[in-house]
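What follows is a set of notes on a single structure, which appears directly below.
Whatever order the structure lists them in is the order used to number ligands and atoms, beginning at 1. Keep in mind the model is a prediction, meaning the values are calculated, not measured.
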Amino acid sequence: MVQITEVKDTQSREARTAAHTHIKGLGLDEKGVAKKIEGGFVGQNDAREACGIIVDLIKSKKMSGRAILLAGPPGTGKTALALAISQELGPKVPFCPIVGSELYSAEVKKTAALMENFRRAIGLRIKETKEVYEGEVIELTPEESENPLGGYGKTISHVIVGLKTAKGTKNLRLDPSIYESIQKERVTIGDVIYIEANTGSVKRVGRSDAYATEFDLEAEEYVPLPKGEVHKKKEIVQDVTLHDLDVANARPQGGQDVLSMMGQLLKPKKTEITDKLRSEVNKVVSKYIDQGVAELIPGVLFIDEVNMLDIEIFTYLNKALESLMAPIVVLASNRGLTTIRGTDDDIKAPHGCPPDLIDRLLIVRTLAYNQEEIKIIIGKRAGLEGLNVSNEALDKLSLHGINNSLRYALQLLSPAGILAKTANRQEITVDDIEECEILFLDSKRSIKVLEESSGYI
Ligand SMILES: Nc1ncnc2c1ncn2[C@@H]1O[C@H](COP(=O)(O)OP(=O)(O)OP(=O)(O)O)[C@@H](O)[C@H]1O
Ligand SMILES: [Mg+2]
């Protein structure tokens, strides 16, 4: 007999945990005051509240072309804070995270790379009124015909789509190419869709709520049966970034207006994006903003490890911040007084940033944690990784957090979990932690070993 087994789709993807998986937001109350433990965050209250104010400013669109620096010792949650800011802003506000070193590439000039990321962080919400056919799908029949080139195959000559609204129904006879996009959107009978009359592009709005059942647990969006006629004018809102528009227009056959730019967003880029092209795009965008068709949504460009930037990039950054279309730039650094990259060795500057940039920054400080806070953070991570840790073991780990680093303490968790499992225990004990200490060195001990032994090359 043929055996058939079901493939479970509960892949390990959800179970995997990354460094910041536990961070879910800034964890502030309605007044913007940090709750002691919330949103995955523990302590660091002042920095969280400061970030909350920044989020408010960005949301109110009062702030653009400003820069914020998150400064503090390693492992104090700077990257986590930036991530939380993006979560608070939601998916509609662009958030572009990079690391300082990403700007150095052999192919693109570093200033061009910075400009590209600037434009990834600026959103444009375009409202267009389009002629569409919208309704609940009541019929979807592809009609086949003999293959005109002969042979046995059949081809789809056209497809009949029946659409229903509260006012009536309409049957449309569509081109096979539209059938492809219908399949791509996985449209089935009972879905509400609209088809753009000009381009023929199909968009699935959701499932008609006539099909909603009480037991349906799936994350399906139910929408009411559209009102009005099937054939009508509809306001369509699209969120893109300036970089998307650059890419769409860098293609050889790029169109003249935003409409045709849209249609090309997902195709691979071919031609270089030049400054000239960017200013062309800017012109079109400004026109659309003036006409009230589009709205600019400045997002966030997050540059981690800002001390990796060099003096040339810094001067360019100053200039870019002053341009009309600039996002909020959030920088992070764990350095104190450091040489600025690309300058003579003896010039030291705070955080490795030139003083004229520092002068433009709002600086948010992150502070080292106390043992109690570290203990709670480790406890949270353990919960996330599905590990039970005894109280004494938690104490021991948090001591490591104080004496070595929070990261080292967090790193020890998973190996200790494996040791406990091998010993057939449900709980991580002090013994497991001690064994891990022997197996894995922390940075201080590692340096000590190196100092004591001169055997290394
Ligand atoms: N207040 C906090 N609450 C919960 N988890 C935290 C907190 N601060 C840091 N963490 C976690 O500790 C780890 C280290 O923090 P993070 O990577 O944000 O440090 P950082 O300040 O960016 O350090 P570096 O300067 O080395 O880049 C991460 O896993 C982070 O999610
Ligand atoms: Mg970091």
Exercise. Can we say Asp244 and Arg119 salt-bridge, meaning some charged N sits less than 4.0 Å from an Asp/Glu carboxylate O?
Worked result: no

Exercise. Short question: side chain of Lys444, backbone of Asn403 - any donor-acceptor pair under 3.5 Å?
Worked result: yes

For this session: Could you check Glu437 against Lys396 for salt bridge (charged side-chain N to carboxylate O under 4.0 Å, His left out), going step by step and ending with a plain yes or no?
Result: CA-CA 11 Å; Glu437 283 165 24; Lys396 187 141 185 78; 3.6 Å; yes

Exercise. CD1/Ile433 to CG/Leu399 distance, rounded to the nearest 0.5 angstrom?
Worked result: 12.0 Å

Exercise. Is it true that the side chains of Lys375 and Asn370 contain a donor and an acceptor less than 3.5 Å apart?
Worked result: no

Exercise. Which protein atoms of type N, O or S are found under 2.8 Å from the Mg ion (ligand 2)?
Worked result: Thr79 OG1

Problem set entry | Ser414 and Glu385 side chains, donor-acceptor separation under 3.5 Å | yes

Exercise. So, are Lys287 and Asp290 salt-bridged, with charged N and O less than 4.0 Å apart?
Worked result: no

For this session: Please determine if Glu451 and Lys448 form a salt bridge, counting it only when a charged side-chain N lies under 4.0 Å from a carboxylate O.
Result: no

Problem set entry | Residue contacts for ligand 1, heavy atom to ligand atom, distance under 4.0 Å | Ala19, His20, His22, Ile23, Gly40, Phe41, Val42, Pro74, Gly75, Thr76, Gly77, Lys78, Thr79, Ala80, Glu305, Asn334, Tyr369, Ile377, Leu406, Arg407, Leu410

For this session: Report yes or no: is the cationic atom of Arg278 (NZ for Lys, CZ for Arg) closer than 6.0 Å to the six-membered ring centre of Phe118, at no more than 45° off its axis?
Result: no

